[in-house]
Amino acid sequence: MKSLAELQAIRDKMKDKVVLREGSGDTRVVVGMATCGIAAGARPVLNKFVEEVNEAGLTDKVTVSQTGCIGICQYEPVVEVFEAGKEKVTYVKMTPEKAHEVVEKHLKGGQVVTEYTITNDQI
C-alpha cells in the first residue's frame, strides 16, 4: 500500500491530465472508448492527445474527453473534433503517431489532416 504522501504526489502529477479531460475549451477532441475502440488501440490515442495538448499549451482552448460507441466500429480508433462554428471532423484508424500530427496540424495549425478523415458519404 502506498503512503499518503505517495498518493498525494500521484494525484498532483495526474491533476493536469484530469482537468484537461474535463475542460471547457472551444475545441473538443472526443475519443471513442467503447469496447471496440479500446480493443483497436484507443487508450494510447487518448493518452497521446492529452499529453500533446498539455505540452502544446492548448489546455485553455482544447478539451480532450472520451465517449462510448461512435457507431463506426470498422474504423476504430475513432476521434471526433468539434470546433465552435465549424463542421465536426472525424478521424479514423488513429494511432498515437497520427494523434501527434493532428495536434500539430489541426489543433495548433488549423489545417484538417484529410488523409485520416472520413465523411458521412463514406460511411
Which distance, rounded to the nearest 0.5 Å, do you find between the [atom1] of [X] and the [atom2] of [Y]?
X    : Y    : atom1 : atom2 : answer
Y116 : K93  : OH    : NZ    : 13.5 Å
S65  : F82  : OG    : CZ    : 8.5 Å
M33  : L46  : CE    : CG    : 5.0 Å
Q111 : E104 : CD    : CD    : 13.5 Å
I72  : T90  : CD1   : OG1   : 6.0 Å

*Check ion pair K98-E101 (N to O, under 4.0 angstrom)*: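 The answer is no: the pair does not qualify as a salt bridge.
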_V30 vs Q66, side-chain contact (heavy atoms from CB on, under 4.5 Å): CA-CA, chis, key distance, verdict_ = CA-CA 5 Å; V30 180; Q66 62 187 43; over 6 Å; no
For a quick test of reading the model, state the closest non-hydrogen atom pair linking [X] to [Y] and the distance between them.
X   : Y   : result
G41 : P77 : C-CG, 3.7 Å
E76 : G32 : OE1-O, 4.0 Å
P96 : K48 : O-CG, 3.4 Å

_Consider side chain to side chain contact (heavy atoms under 4.5 Å, CB included). Of V102, I118, V29, T114, which one does Y91 pass it with?_
V102
*In sequence, state the C-alpha distance, the side-chain angles, and the governing distance for D26 and E83, and then conclude on side-chain contact (heavy atoms from CB on, under 4.5 Å).*
CA-CA 6 Å; D26 291 336; E83 296 177 279; over 6 Å; no
*Indicate yes or no for a side-chain donor-acceptor contact from E6 to the backbone of S3 under 3.5 Å, with no hydrogens or angles considered.*
yes
*Test V81 against R28 for side-chain contact (heavy atoms from CB on, under 4.5 Å), laying out the working first.*
CA-CA 6 Å; V81 178; R28 290 186 310 129; over 6 Å; no
*Establish, yes or no, whether a centroid distance under 6.0 Å links the rings of H100 and F49.*
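Between F49 and H100, which both carry aromatic rings, the centre distance is not below 6.0 Å.
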*Heavy atoms, side chains only, cut-off 4.5 Å: are V45 and M94 in contact?*
yes
*Please step through side-chain contact (heavy atoms from CB on, under 4.5 Å) for the pair T117 and V92, ending with a clear verdict.*
CA-CA 6 Å; T117 64; V92 296; over 6 Å; no
